[in-house]
Amino acid sequence: MEPRGLPLVPADEGFLFFTRPHITKKRYLKEIFMSKQQDYENSPLYKIRHSLAHVMAQAVLEMFPTGKIAIGPPIEDGFYYDFDLPRALTPEDLKAIEKRMRNIVKKRYGFERQELSAAEAKELFADQPYKIELIEGLEAGGVDENGEPLPADERPVISTYRHDSFVDLCRGPHVKDLGKINPKAFRLLSIAGAYWRGDEHRQQLQRIYGTAWETPAELKEYLHRLEEAKKRDHRKLGKELEIFATNADELGGGLILWLPNGGLLRHLAEDFCKQEHLKHGYDMVYSPHIGKSTLWETSGHLAFYKDGMYSPIDIDGQEYYLKPMNCPFHILMYKNNLHSYRDFPLRFAEWGTVYRYERSGTLHGLLRVRGFTQDDAHHFCREDQMPDEIDFVLNFSLHILRSFGFKDFHAYLSTQPPEKSVGEAKQWRAAEAALEAALKRAEIPYDIDEGGGAFYGPKIDLKISDAIGREWQLSTIQFDFNLPERFNMTYIGADGKEHRPYMIHRALLGSMERFFGVLIEHFAGAFPVWLAPVQAKLIPITDRHNDYAADVAAKLKTAGIRVEIDDSSERMGNKIRKAQKKKVPYMLIIGDKEMEANAVAVRLRNGDDLGAIAVDEFITLAQKTIAEKETV
RNA sequence: GCCCUUGUAGCUCAGCAGGUAGAGCACUUCCUUGGUAAGGAAGAGGUCACCGGUUCAAGUCCGGUCGAGGGCUCCA
């Protein structure tokens with residue numbers, strides 16, 4: 001369906017063209033979003049899920065007659081409902097609720113819609129305080145059931161839907177009757193705490209999540225997808241492959257130990273990136289982990305970011321803070337000497353380790369930690385260089401990400417927030433234009449988050465799609481109109497006068513911790529050969545092949561290939577299994593035949609058997625794969 | 001931080017209704033020398049997260065603390 005007569009161009013195809021000049025891009029993107037949303041809301045799945053939320057509420061109220069119900073919308077892949085109940089739910093309750101739901105669904109009750117006045121609705125839901133609050137919201141016309149303001153042209157109509165004995169305040173839509181729902185195509189998944197209206201100062205409710213599909217086969221496939229995602233979980237693989245460890249008991253939460261395999265991975269990645277940075281006009285700098293409170297006062301972090309910072313350290317009566325960001329240090333470096341307009345662009349890069357307070361409940365493996373290393377850099381340039389600089393940094397970012405095997409990108413351009421922001425409008429417009437132009441030139445699909453920028457400047461966030469289609473934000477490129485002012489940064493222009501430089505923050509992989517979390521999940525632990533901690537495992541069939549294996553290993557090592565020999569007194573099958581579990585790309589089997597032919601029998605971790613290949617030939621093959629950052 | 005769940009050997013887990021610990025994998029040693037995902041045997045390994053309580057007796061029950069998982073919230 002074409003909303004409002006517009007041709008529908010999926011936002012993720014990138015290029016926007018406008019058949020009607022008066023339609024702004026923002027409006028256009030919004031319409032695409034809305035149409036996608038509408039597609040879902042009109043889909044059978046949406047109705048099934050929405051209806052099951054009602055059925056679940058009925059089942060729960062049957063078990064807890066004094067229970068209070070809050071809201072229960074469909075969500076991606078399923079639905080939930082929030083309850084205020086006299087006791088905590090258990091996993092057994094979940095099974096019982098599911099069973100009740102199944103029985104209700106089997107009765108094939110129809111859904112009846114009814115419109116009513118606020119007064120009538122309040123009477124109907126007299127013993128349901130959450131519903132009363134929603135009705136009052138609707139009555140006021142200001143907000144919808146999620147607490148979001150309603151557009152002026154959408155006069156709220158209060159409606160209810162009834163099936164069997166259960167009636168709920170709801171705007172629909174629902175299935176015609178429960179016969180449309182396959183009782184074997186849904187499942188309740190989990191119980192979680194959730195605050196009423198998402199406000200942590202208000203009542204905490206119990207939320208039950210469920211998933212629902214049109215057919216049992218789809219449900220099975222969804223559950224299978226969940227299993228697959230679980231297998232890729234970087235916390236599980238990180239442990240199995242000995243990449244990293246956490247030790248909350250003795251070390252502390254949110255702090256990462258990079259084990260030898262992870263250390264090697266990170267070293268290889270950083271080494272490659274640093275070489276690329278040097279090739280592309282960056283200067284490598286280093287800064288300390290702490291700085292005086294006065295530095296953070298000047299930067300504004302103590303005023304605006306204190307919640308993210310740890311308590312100060314007292315050194316000789318002076319307060320020092322652990323750095324949550326690297327920027328102030330790079331600015332001090334900038335200010336270390338006078339700058340001419342001829343110096344630009346200046347690019348300071350640092351793998352800077354920062355510490356930020358994260359609430360304990362939010363910590364998550366490598367993805368959300370309290371101490372992490374950013375591949376951070378700050379660019380300083382003149383206004384006339386700024387568009388080229390943005391162009392450069394975006395392309396450089398894409399180059400780096402592509403080197404790690406990511407192919408699909410999606411950008412989000414965030415513009416000036418309507419309320420508080422620093423800098424002149426002219427600067428904002430120029431910067432926003434530069435960002436957008438760079439995205440267009442790089443042919444990256446993007447969405448505009450109008451007003452979504454930070455107070456200090458517009459930005460691009462780059463997201464990558466991983467092997468199973470999940471989006472992760474890695475790179476960020478941000479203008480900063482704030483710090484150059486605060487630190488009174490200047491350069492001498494061609495006119496002999498002082499000017500303010502443009503400052504750009506950027507992180508490409510973001511944080512090394514997070515990046516490797518994503519990378520592990522993307523490759524499911526089977527890294528491209530150039531990154532694999534062990535690239536080749538030599539598997540002598542009997543121990544009379546051990547000496548030859550050692551010779552081959554020496555040759556491979558000389559050729560720069562990371563190799564290990566498994567000379568344990570196990571059978572070949574056992575050695576292969578072990579190497580396979582460690583996701584070693586090449587397994588080189590050595591027996592009499594290979595020894596005689598000065599060869600190795602190459603088995604890939606995908607199970608392919610390449611047969612016997614001369615050692616020199618294998619070296620050439622492996623080197624090529626490594627150099628091209630390919631995988632096997 | 002809040003709610004629910006949870007914390008037993010390096011890893012994955014068992015331990016019934018309280019009576020002072022068990023399996024598989026991994027590890028060590030020995031036997032085995034075997035052609036594309038687990039050969040056999042023996043051994044070593046745990047103050048059952050920590051603190052306190054109930055009890056003749058607690059891994060098992062209760063309370064607290066510190067972690068972890070799923071969410072919520074947060075992520076200038």
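Only heavy atoms go into these numbers, but all of them, side chains included; no hydrogens, no water, no symmetry mates. In what follows, chains carry the letters A, B, and so on, assigned in the order in which the sequence lines appear, proteins first and then strands, with residues in each chain numbered from 1.
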task = Just call it for A:Ala579: base, sugar-phosphate, or nothing, with non-hydrogen atoms closer than 4.0 Å on any strand.
result = nothing

Closest of B:G70, B:U36, B:G39 to the A:Asp609 side chain is B:U36

Regarding A:Phe455, tell me which of base, sugar-phosphate or nothing describes its non-hydrogen contacts under 4.0 Å with the strands shown. sugar-phosphate

If pairing means Watson-Crick or G-U wobble with both distances under 3.5 Å, then the partner of B:A38 is none

Between CZ of A:Phe83 and P of B:G71 the distance, given in whole Å, is 18 Å

note: A:Lys581, atom NZ; B:A26, atom P; distance rounded to Å ~ 9 Å

Within less than 4.0 Å of OP1 or OP2 of B:A37, is there a side-chain N or O belonging to A:Asn574? no

Taking a pair to mean Watson-Crick or G-U wobble geometry with both distances below 3.5 Å, B:G43 pairs with B:C27

Shortest non-hydrogen pair, A:Tyr456 vs A:Val422, comes out as CA-CG2, 3.8 Å

Contact class for A:Asp592 vs. all strands (heavy atom < 4.0 Å): base, sugar-phosphate, or nothing?
-> base

- request: Answer yes or no: side-chain N or O of A:Arg368 and base N or O of B:C75 forming a donor-acceptor pair under 3.5 Å.
  value: yes

* Would you mind classifying the nucleic acid contact of A:Arg207 as base, sugar-phosphate or nothing, using non-hydrogen atoms under 4.0 angstrom? => sugar-phosphate

- prompt: Looking for any heavy atom pair under 4.0 Å, which part of the strands does A:Ala194 touch: base, sugar-phosphate only, or nothing?
  reply: sugar-phosphate

Q. Using atom C1' of each nucleotide, how far apart are B:U28 and B:U73 to the nearest Å?
A. 50 Å

Contacts of A:Gln206 and A:Ala192 projected onto RNA chain B by closest heavy atom; the upstream (5') one is A:Gln206

Rounded to whole Å, the CG-P distance (A:Leu89 to B:U5) equals 10 Å

(message) Counting only side-chain nitrogens and oxygens, does A:Tyr209 get under 4.0 Å of the OP1 or OP2 atom of B:C72?
(response) yes

Base, sugar-phosphate or nothing for A:Glu570? Non-hydrogen atoms, less than 4.0 Å.
base

Looking only at heavy atoms, the pair that brings A:Lys582 and A:Glu242 closest together is NZ-OE1, 3.5 Å

- prompt: Does one side chain, of A:Asn326 or A:Glu350, offer a donor that lies under 3.5 Å from an acceptor on the other?
  reply: no

Establish whether the base of B:C74 is bridged to the side chain of A:Arg356 by a donor-acceptor pair shorter than 3.5 Å.
no

Separation of B:G10 atom P from A:Lys236 atom NZ, nearest Å, is 19 Å

- Counting any heavy atom closer than 4.0 Å, what does A:Thr246 reach on the DNA or RNA strands: base, sugar-phosphate only, or nothing? nothing

Residues A:Thr625 and A:Leu621: closest non-hydrogen pair is OG1-O, 2.9 Å

Note: A:Val584 and A:Lys537 closest approach over all heavy atoms is CG1-N, 3.7 Å

Using the P atom on both, measure B:C16 against B:C2 and round to a whole Å.
31 Å

Pairing partner of B:C74, by Watson-Crick or G-U wobble and under 3.5 Å for both distances, is none

Nearest-Å distance once atom P is located in both B:G69 and B:G53 | 31 Å

Counting any heavy atom closer than 4.0 Å, what does A:His545 reach on the DNA or RNA strands: base, sugar-phosphate only, or nothing?
nothing

### Message
Students often get this wrong, so: under 4.0 angstrom with heavy atoms, is A:Gln478 touching a base, only sugar-phosphate, or nothing?
### Response
nothing

- Query: How would you label the contact of A:Met325 with the nucleic acid (heavy atoms, under 4.0 Å): base, sugar-phosphate, or nothing?
  - Reply: base

With no hydrogens and no angle check, just 3.5 Å: does a side-chain donor-acceptor pair link A:His545 and A:Asp592?
yes

Would you say A:Lys578 reaches B:C25's phosphate, i.e. side-chain N/O to OP1/OP2 under 4.0 Å? no

Using the C1' atom in both, what is the distance from B:U54 to B:G64, to the nearest Å?
-> 15 Å

Give a yes/no verdict on a cation-pi contact between A:Arg207 and A:Tyr80, requiring under 6.0 Å between NZ or CZ and the six-membered ring centre and an angle within 45° of the axis.
yes

When both distances are under 3.5 Å in a Watson-Crick or G-U wobble arrangement, the nucleotide paired with B:G22 is B:C13

When you measure from the side-chain N and O atoms of A:Arg603 to the phosphate of B:A37, is any distance below 4.0 Å, counting only OP1 and OP2? yes

* Asked: Can we call the ring centroids of A:Tyr586 and A:Phe618 under 6.0 Å apart?
  -> yes

message: Between B:G10 and A:Glu242, counting only base atoms on the nucleotide and side-chain atoms on the residue, is there a donor-acceptor pair under 3.5 Å?
response: no

Phosphate OP1/OP2 of B:G69: any A:Arg235 side-chain N/O under 4.0 Å
yes

Taking a pair to mean Watson-Crick or G-U wobble geometry with both distances below 3.5 Å, B:U65 pairs with B:A49

note: A:Ile590, atom CD1; B:G34, atom P; distance rounded to Å ~ 16 Å

Under 4.0 Å, counting only non-hydrogen atoms across every strand here, what does A:Ala88 touch: a base, just sugar-phosphate, or nothing?
sugar-phosphate

Exercise for the section: May I ask you to say what A:Gly198 touches in the nucleic acid, namely base, sugar-phosphate or nothing, with a heavy-atom cut-off under 4.0 Å? Expected result: sugar-phosphate

By the 4.0 Å heavy-atom rule, please label A:Lys239 as base, sugar-phosphate, or nothing. sugar-phosphate

Check if the side chain of A:Tyr195 and the base of B:G1 share a donor-acceptor pair of N or O atoms closer than 3.5 Å. yes

Discussion item. Would you say A:His364 places a side-chain N or O within less than 4.0 Å of OP1 or OP2 belonging to B:G70?
Written reply: yes

Considering only heavy atoms and no angle criterion, is a donor-acceptor pair shorter than 3.5 Å present between the side chain of A:Gln204 and the base of B:C2?
yes

Picking from B:A37, B:A76, B:G1, the nucleotide nearest the side-chain atoms of A:Tyr305 would be B:A76

Exercise. Taking the same atom, P, in B:G18 and in B:A37, what whole-Å distance lies between them?
Worked result: 48 Å

- Heavy atoms under 4.0 Å, any strand shown: does A:Gly573 hit a base, just sugar-phosphate, or nothing? sugar-phosphate

query: Any luck finding a side-chain donor-acceptor pair between A:Trp213 and A:Glu221 under 3.5 Å?
result: no

Original post:
Would you say a side-chain N or O of A:Ser360 is under 4.0 Å from OP1 or OP2 of B:G1?
Top reply: yes

